[in-house]
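Data first, discussion second: the structure below is written as structure tokens.
Only a predicted model underlies this, so the values are computations on that prediction, with no experimental measurement involved.
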Amino acid sequence: LLWEAIILRIRTDTISYTALKKRSMINTLLALNRRMIRLEKPLQQNPSDDIEEDIKLIKQDIDDILQENINGIVMWSKCDW
């Protein structure tokens, strides 16, 4: 009975952590996308190297987050249950 209570507690904490981590990743992606859209408007009106560099960095951050997500999916698909 004690062991089952411990397992239940671990499972509950793990699910909460995973949900929080996913929500955080989604919020980060949304913020990066909003920032990129906000930077693209001035870039069209007045092109500058600084804005282009910022957009490039934001796109790299988005790609990194998505690649991390893909790596997690691949790892879970290889797990042998």
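- One finds the CD1 atom of Ile55 at 7.5 Å from the CE atom of Met36 (value rounded to the nearest 0.5 Å).
- In this structure, the side chains of Leu29 and Leu66 come closer than 4.5 Å at one or more pairs of heavy atoms.
- Side-chain atoms of Asn46 never come within 3.5 Å of backbone atoms of Pro42 as a donor-acceptor pair (strictly under, hydrogens ignored).
- Rounded to the nearest 0.5 Å, atoms CD1 (Ile62) and CD (Gln60) are 10.0 Å apart.
- With hydrophobic clusters built from ILVMFWY side chains whose heavy atoms lie under 4.5 angstrom apart, Leu39 does not share a cluster with Leu57.
- The 12-atom threshold is not exceeded at CD of Glu4, counting heavy atoms of other residues, nucleotides or ligands nearer than 6.0 Å.
- Between Ile26 and Lys22, some side-chain heavy-atom pair lies under the 4.5 Å cut-off.
- The number of heavy-atom neighbours closer than 6.0 Å to CD of Glu40, taken from other residues, nucleotides and ligands shown, is above 12.
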request  = Determine, step by step, whether Leu32 and Ile65 satisfy the side-chain contact (heavy atoms from CB on, under 4.5 Å) criterion, reporting the C-alpha distance in whole Å, the side-chain angles of both residues, the deciding distance to 0.1 Å, and the verdict.
outcome  = CA-CA 11 Å; Leu32 288 170; Ile65 292 170; 3.9 Å; yes
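- Panel note: side chain Ser24, backbone Leu20; no donor-acceptor pair is recorded below 3.5 Å.
- Rounding to the nearest 0.5 Å gives a distance of 12.0 Å between NZ of Lys56 and CG of Asp54.
- Residue Tyr17 is not grouped with residue Met25 when hydrophobic side chains (ILVMFWY) are merged at heavy-atom distances under 4.5 angstrom, including chains of intermediate members.
- Taking 4.5 Å as the limit, every side-chain heavy atom of Asp49 sits out of range of all side-chain heavy atoms of Glu53.
- In this structure the side chain of Leu43 never reaches within 4.5 angstrom of the side chain of Ser48, judged on heavy atoms.
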inquiry  = Using the rule given for salt bridge (charged side-chain N to carboxylate O under 4.0 Å, His left out), can you reason through Lys59 versus Asp63, listing the C-alpha separation, both sets of side-chain angles and the distance that settles it, and then say yes or no?
reply    = CA-CA 6 Å; Lys59 286 181 179 180; Asp63 288 343; over 6 Å; no
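- Rounded to the nearest 0.5 Å, atoms CG (Asn69) and CG (Asp64) are 12.5 Å apart.
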